A.B. asks: 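Here it is, the structure in full.
Because the structure is predicted, anything quoted here is derived from the model rather than measured. Quick note on labels: first sequence line is chain A, next is B, and so on, each numbered from 1. The figures here come from the full heavy-atom set of this structure, side chains too, leaving out hydrogens, waters and symmetry mates.
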2 protein chains.
Amino acid sequence: MAKVEFNIACSLCEHLKDSLFNGLSPEDLSRINNHKTCVQYKKGQNIFYEGTRPTGLYCMNAGKVKVFKNNVQGKEFIIYIAKPGDFLGYRALLSEEFYQATATVLEDAKICFIPKENFFEVLQKNPTFMKRVVKAVCHEMGVMEEKLAELAHKSVRERLAANLLMLKETYGMEGEGSSLIDLALSREDLASIVGTATETVIRLLSDFKSDGLIAFEGKKIRVLDARKLAKQADLIVA
Amino acid sequence: MAKVEFNIACSLCEHLKDSLFNGLSPEDLSRINNHKTCVQYKKGQNIFYEGTRPTGLYCMNAGKVKVFKNNVQGKEFIIYIAKPGDFLGYRALLSEEFYQATATVLEDAKICFIPKENFFEVLQKNPTFMKRVVKAVCHEMGVMEEKLAELAHKSVRERLAANLLMLKETYGMEGEGSSLIDLALSREDLASIVGTATETVIRLLSDFKSDGLIAFEGKKIRVLDARKLAKQADLIVA
DNA sequence: AATCAAAACTGACAAAAGTCATCTTTTTGT
DNA sequence: ACAAAAAGATGACTTTTGTCAGTTTTGATT
């Protein structure tokens with residue numbers, strides 16, 4: 001599959017307002033804009049690979065990307081799912097290490113690449129931007145601490161419920177008393193998010209469905225009863 | 001227990017070389033030094049609490065501190081163990097959030113407190129320092145990603161072995177063909193690091209002891225055969 | 001429309017790990 | 001030095017979850 005280029009000015013990007021680039025001066029933004037390369041990726045294509053050296057920053061314009069690690073037996077663990085407006089691969093770039101994870105397209109995506117020189121240039125000349133990046137990174141770290149504790153002490157059922165709620169928060173399209181998770185995840189991917197076996201996810205999902213907590217719509221999941229799901233996740237006691 | 005103050009000039013601190021403050025200009029270092037308050041803590045005392053607002057940065061001069069989260073049932077998960085030279089509580093400070101974890105002294109400690117105004121002042125005036133902090137934070141994030149994947153897909157036995165090796169790397173005092181983990185951890189704390197029940201840790205440790213991988217020395221653990229431990233951790237195949 | 005492959009699902013079973021109860025040893029405070 | 005409390009250890013049992021083997025359904029391709 002050949003890579004297809006496209007181009008959208010950063011200043012006109014509809015996701016600028018959700019991005020860390022929001023608030024950048026016109027000069028800084030055009031410095032980013034003038035050096036970026038934008039590429040369309042198909043589902044299944046890889047953006048970067050574990051073990052390789054970052055050469056710049058990816059910024060999502062459209063689609064969904066999973067960032068995951070493979071263990072020795074080849075099992076995936078999904079660390080993060082990136083959506084439009086998100087940065088991709090900034091951790092390894094900023095820590096000056098190799099990528100520790102692989103990024104693969106879940107839903108056809110448009111992603112811009114900013115060479116590290118230009119990104120670092122803006123970062124260094126602009127303390128406000130730097131501060132915003134630090135704040136975002138540290139917030140992300142807090143999210144991961146939360147996940148760690150969850151993984152350590154919650155059952156698979158609780159974790160699945162919690163992750164469905166989290167996905168609802170991030171990718172939910174609100175309907176009447178219910179919310180569709182706008183993300184076509186395979187059972188296998190969902191298992192890789194929760195940290196369990198595919199079969200276990202399948203069984204638990206059909207439990208949740210029987211109990212009227214969720215419904216299936218094509219490849220997507222609709223959350224029917226977020227409150228009961230939260231109980232399953234042991235997030236609320238009542 | 002009353003807090004006992006002490007004072008050591010940052011410039012003379014034996015751990016400066018291991019700290020992120022290393023490389024700061026004499027003016028910046030004295031700005032930190034002039035505003036810090038240094039306190040001696042006894043084992044069991046708390047440095048900060050989950051849910052409270054950070055007012056500054058803690059910098060370890062002596063002792064060991066565990067940073068942990070409590071789950072609903074009151075079970076601890078230890079995120080990090082801080083040693084001399086380490087910063088404490090920087091994540092919540094930099095993300096401008098409440099503390100998401102509690103810090104408690106494991107071994108009698110001396111800890112300096114730097115008010116956030118002064119820390120931020122130095123951070124903002126000194127891009128090199130800022131960059132070093134960002135690099136460290138992003139590196140830490142990588143460590144946590146590693147832990148997440150480990151927690152998701154490894155057995156308790158593998159995780160215990162991996163954590164013993166990790167503790168050996170950080171707190172190990174090398175002897176002849178063996179290494180003493182210089183950290184007096186209770187079985188319960190070790191369980192909170194690995195993310196399992198205390199009884200399970202006790203059983204596995206005595207397995208490892210029977211197999212000659214480790215030995216007990218008072219409250220501490222000596223790693224006798226790191227290679228075999230690494231096999232148990234599934235880190236090496238052979 | 002037929003064919004193939006991948007994904008989803010189901011059941012049976014085994015292994016891993018948690019829980020609870022109890023006992024022993026060590027540590028701590030008076 | 002002693003009592004009380006905490007930590008460590010062990011056994012029995014249950015629950016959870018993973019694995020494996022097989023079937024059904026779905027989706028893509030020719």
A.B. asks: Look at the side chain of B:Ile202 and decide which nucleotide, out of D:dT10, D:dG18, C:dA17, has an atom nearest to it.
C.D. replies: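 Nearest to the side chain of B:Ile202 among the choices is D:dT10.
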
A.B. asks: Has A:Lys75 got a side-chain N or O lying under 4.0 Å from the OP1 or OP2 atom of D:dT19?
C.D. replies: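 Yes, A:Lys75 has a side-chain N/O under 4.0 Å of OP1/OP2 on D:dT19.
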
A.B. asks: Send over the distance from B:Glu188 CD to D:dA9 C1', rounded to a whole Å.
C.D. replies: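 Spelled out: CD on B:Glu188 to C1' on D:dA9 is 14 Å.
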
A.B. asks: If you check the B:Ala197 side chain, which of C:dT19, D:dT19, D:dG8 turns out closest?
C.D. replies: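 The listed nucleotide nearest to B:Ala197's side chain is C:dT19.
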
A.B. asks: Rounded to whole Å, please give me the gap between NE2 in B:His153 and P in D:dT19.
C.D. replies: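 Atom NE2 in B:His153 sits about 10 Å away from atom P in D:dT19.
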
A.B. asks: Between A:Glu158 (CD) and C:dG18 (C1'), how many Å, whole number?
C.D. replies: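 After rounding, the gap between these two atoms is 13 Å.
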
A.B. asks: Does B:Lys110 make a cation-pi contact with B:Phe6, if we ask for NZ or CZ under 6.0 Å from the ring centre and within 45° of the axis?
C.D. replies: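 Yes; both conditions hold, so B:Lys110 lies above the ring face of B:Phe6.
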
A.B. asks: On DNA chain D, nearest-nucleotide positions of A:Arg157 versus A:Glu199: which is more 5'?
C.D. replies: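 Closest to the 5' end, via its nearest nucleotide, is A:Arg157.
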
A.B. asks: Report, one pair per line, the protein and nucleotides 23-30 of chain D atoms (nitrogen or oxygen only) whose separation is under 3.5 Å.
C.D. replies:
none

A.B. asks: If I compare all heavy atoms of A:Gln232 with all of A:Ala161, which pair ends up nearest, and what's the gap?
C.D. replies: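 The pair with the smallest heavy-atom distance is CB-CB, 3.8 Å.
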
A.B. asks: Does NZ or CZ of A:Arg187 fall inside the cone over A:Phe216's six-membered ring, less than 6.0 Å from its centre and within 45° of the axis?
C.D. replies: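 A:Arg187 over A:Phe216 ring: yes.
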
A.B. asks: In whole Å, I'd like the distance from the CZ atom of B:Arg203 to the C1' atom of C:dA17.
C.D. replies: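 Checked: the CZ to C1' distance equals 9 Å.
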
A.B. asks: Rounding to an integer number of Å, can you tell me how far A:Gln73 CD sits from D:dG18 C1'?
C.D. replies: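 After rounding, the reported distance stands at 12 Å.
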
A.B. asks: Expressed as a whole number of angstroms, how long is the span from B:Arg187:CZ to C:dT26:P?
C.D. replies: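 The answer, rounded to whole Å, is 12 Å.
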
A.B. asks: Between B:Thr196 and C:dG18, does any side-chain N or O lie under 4.0 Å from OP1 or OP2?
C.D. replies: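 Answer is yes, contact under 4.0 Å.
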
A.B. asks: Which nucleotide in the set D:dA9, D:dT10, C:dA17 lies at the smallest distance from any side-chain heavy atom of B:Val156?
C.D. replies: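 Between D:dA9, D:dT10, C:dA17, the one nearest the side chain of B:Val156 would be C:dA17.
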
A.B. asks: Centres of the A:Tyr58 and A:Phe113 rings: under 6.0 Å?
C.D. replies: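 Yes, close enough.
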
A.B. asks: Hey, which of A:Leu185, A:Ile79, A:Val201 is the one that makes side chain to side chain contact (heavy atoms under 4.5 Å, CB included) with A:Ile193?
C.D. replies: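 Single pass found, and it is A:Leu185.
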
A.B. asks: What is the distance, rounded to the nearest whole Å, between atom NZ of A:Lys154 and atom P of D:dT16?
C.D. replies: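 Taking NZ of A:Lys154 and P of D:dT16, I get 16 Å after rounding.
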
A.B. asks: Could you grab the distance from atom CG of A:Leu183 to atom CD1 of A:Ile81, nearest 0.5 Å is fine?
C.D. replies: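 Separation between the atoms: 5.0 Å.
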
A.B. asks: Whole Å only: how far is the CG atom of B:Asp207 from the P atom of C:dA16?
C.D. replies: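 Nearest whole value for this atom pair: 12 Å.
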
A.B. asks: Nearest-nucleotide wise, let me know which of A:Ser206 and B:Ser155 is further upstream toward the 5' end of DNA chain C.
C.D. replies: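 Result: A:Ser206.
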
A.B. asks: Would you please classify the geometry between the B:Phe48 ring and the B:Tyr99 ring as parallel, tilted or perpendicular, with 30° and 60° separating the classes?
C.D. replies: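 Because their plane-to-plane angle is under 30°, the rings of B:Tyr99 and B:Phe48 count as parallel.
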
